[in-house]
Structure formats: structure tokens, C-alpha cells
Amino acid sequence: MAAESAQTLERGLRLLRLLADGRGGRTPTELSAELSLSRPVVYRLLTTLMNEGFVRRDAEGRVHLGFGVLVLAQAVQPLLRAAAVPTLRRLAEDVGATAHLTVAEGEDGLAVAVVEPSWTDMHVAYREGSRHPLTKGAAGQAILALREGRDDYFATEGQLQEGARGVAAPVTGLPWLEASVGVVTFGPLEESTGPRVVAAAAELAAALG
């Protein structure tokens, strides 16, 4: 019974990850094919997940993530922040710029952790909870690159705030998380900033993995 329950849980988690990939809703038939499970098994999983509010079906019968997932996401954000702060503090002190962890919420980026350097005369005041489209700024572009399977770092200037320069890299290797680590400043950034940000993103991925 324990093995059967574990298998059911694993299948349910696979189904939720599939619906979270940003490609929109699926029909039960499509879910069956992509998960390599029979339709009766998929229907049983959907019934349970719908009852708990984790998935919903639209008027056309397509399955989407439900609002119950938002409750879990809100509980995860403080954990992400606690895990990210040590890495961000080292990065901010090393580069001399405000460091941040940004996660994807649909087509927006949400800053869930921000650390300012302690030794600079001037730095960007970037608030936790700040939100912006993924298409603007280095942090969002790094997340979009992650969706395409790329691990490049990105540098932008003036896209979110006039005169501000940003560098960000995706947090890779965590299928459950779409996020980037970045820095932002009004001053110049050294050429080594990009590799430093990539190293910080890898450090955080290892801590969360």
C-alpha cells in the first residue's frame, strides 16, 4: 500500500509540473499521452487534485493549475528568501551592487529577496515585492532564457529605471523553480560581474537542490 501511495503521489506531482511549464492547459487525453499514463489513471488524479483546488478545468475541458497552488507558492517564498540571502549578501558585497533573487509569476518577475551592499556610497533601492514584465530588465530576460534551455547571463541598462544597469543569470537545474539571480547599480560594472553572477546563481541552485 505504501509503494502504491508513493507512486500515486509521484504521478500527481508529475502532472502538476507539466501544467506549470507555461504552455497553457491540456486536455485529459493530452495529459495521458505526455505522462504515458492511461486515461482512467489521469482522471483519478485529476479528480483528487480538483477536489483539493490544485487543478481546474475550463469551459472547453482543458486542465489548468488551480488557485490552491498559489497558497503553496506564498508559503514557499519565505523559504526561498531565507535560502537566498547568504548568497545574495556575498554577491552584493563582492560586486558593490544591490543583489536580488527574482522568480517568475506567469509573465511577470517578482523580487522575493534583495540585499544591498554595506560599503558603497550609493546603491539602487530595489524593494522586495517589486514586479515587472519578464521582457524588461536583465532578471526577466534571464528567466526567459531559462525557459528556452539557455544559461546565459544578461546585461541591460535603463530598461526598468533610468540610468540603472543590471546583470542577471538564471538559476538552473531546478525544474520546480523559474528564477534568476542578479545585481543592479547606477555605477559601472566590471567585466567580471557576469561570471560572478553566474557563480552566485549556481551556488543558490546547489543550496536549494
Side-chain angles (χ1 to χ4, degrees), residues 1-85 100-113 128-135 139-151 170-181 201-202 204-209:
M1 181 63 70
E4 182 178 345
S5 298
Q7 183 184 55
T8 301
L9 176 60
E10 187 269 339
R11 287 171 170 174
L13 292 174
R14 284 172 53 206
L15 191 154
L16 291 175
R17 288 194 186 102
L18 193 62
L19 293 175
D21 67 1
R23 288 172 47 195
R26 269 96 157 174
T27 66
T29 299
E30 289 170 338
L31 289 170
S32 175
E34 292 188 59
L35 294 169
S36 298
L37 297 174
S38 68
R39 290 183 64 182
V41 169
V42 168
Y43 276 111
R44 285 198 296 271
L45 292 173
L46 290 177
T47 298
T48 300
L49 292 170
M50 288 175 66
N51 289 340
E52 296 297 326
F54 293 126
V55 301
R56 60 183 176 84
R57 295 184 71 175
D58 61 24
E60 298 177 350
R62 302 185 72 83
V63 181
H64 305 263
L65 288 179
F67 293 111
V69 175
L70 294 178
V71 178
L72 296 180
Q74 290 169 356
V76 166
Q77 285 184 11
L79 301 178
L80 278 177
R81 184 186 184 282
V85 163
H100 53 86
L101 171 68
T102 299
V103 302
E105 280 201 349
E107 297 307 312
D108 286 342
L110 176 69
V112 297
E128 290 180 6
S130 296
R131 185 184 297 272
H132 57 81
L134 293 178
T135 53
Q141 291 182 23
I143 291 173
L144 292 177
L146 178 66
R147 290 179 176 178
E148 297 173 356
R150 298 157 52 200
D151 57 2
V171 179
T172 61
L174 301 174
W176 52 273
L177 181 66
E178 289 185 327
S180 66
V181 168
L204 180 58
L208 293 173

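- The shortest non-hydrogen separation linking Ala104 to Arg147 is CB-NH2, 3.8 Å.
- Between Ser32 and Ser38, the shortest heavy-atom distance links the atoms OG-C, 3.6 Å.
- A distance of 12.0 Å separates CG of Asp108 from OG of Ser130, quoted to the nearest 0.5 Å.
- A donor-acceptor pair is defined here as one N or O able to donate and one able to accept, closer than 3.5 Å; no such pair exists between the side chain of Arg131 and the backbone of Glu105.
- Rounding to the nearest 0.5 Å gives a distance of 7.5 Å between CG of Leu204 and CG of Leu174.
- Here the side chains of Thr48 and Thr8 are not in contact, with every heavy-atom distance at 4.5 Å or above.
- Leu101 is not listed as a side-chain neighbour of Arg81, based on a closest heavy-atom distance of 4.5 Å or more.
- In terms of heavy atoms, Ala201 sits closest to Val171 at O-CG1, 4.1 Å.
- A distance of 11.0 Å separates CD in Gln7 from CG in Leu9, rounded to the nearest 0.5 Å.
- Residue Leu72 holds its CG atom at 9.0 Å from CG of Leu16, rounded to the nearest 0.5 Å.
- The shortest distance between side-chain heavy atoms of Leu31 and Leu19 falls below 4.5 Å.
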Kindly list each side-chain donor-acceptor pair under 3.5 angstrom involving residues 49-58, sequence neighbours excluded, with atom names and distances?
residue, atom, partner, partner atom, Å
Asn51, ND2, Thr47, O, 3.2
Arg56, NE, Leu65, O, 3.4
Arg57, NE, Gly61, O, 3.2
Arg57, NH2, Gly61, O, 3.1
Asp58, OD1, Glu60, N, 2.9
Asp58, OD1, Gly61, N, 3.0
Asp58, OD1, Arg62, N, 2.9
Asp58, OD2, His64, NE2, 2.8

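- Scanning all heavy atoms of the two residues, the minimum distance from Ser180 to Ala139 falls at OG-O, 3.0 Å.
- The backbone N or O of Ala111 lies less than 3.5 Å from no partner atom in the side chain of Thr102, so there is not a single donor-acceptor pair.
- Taking each heavy atom of Ala179 and Ile143 in turn, the nearest pair found is C-CG1, 3.8 Å.
- For the atom pair CG (Leu110) and NE2 (His100), the distance works out to 12.0 Å, reported to the nearest 0.5 Å.
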Show the numbers, then the answer: is there a side chain to side chain contact (heavy atoms under 4.5 Å, CB included) between Leu45 and Leu37? CA-CA 11 Å; Leu45 292 173; Leu37 297 174; 4.1 Å; yes

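- Contact annotation: the side chain of Leu80 approaches that of Leu208 to within less than 4.5 Å [non-hydrogen atoms, C-beta and beyond].
- Between the side chain of Arg14 and the main chain of Leu35, a donor-acceptor pair closer than 3.5 Å is present.
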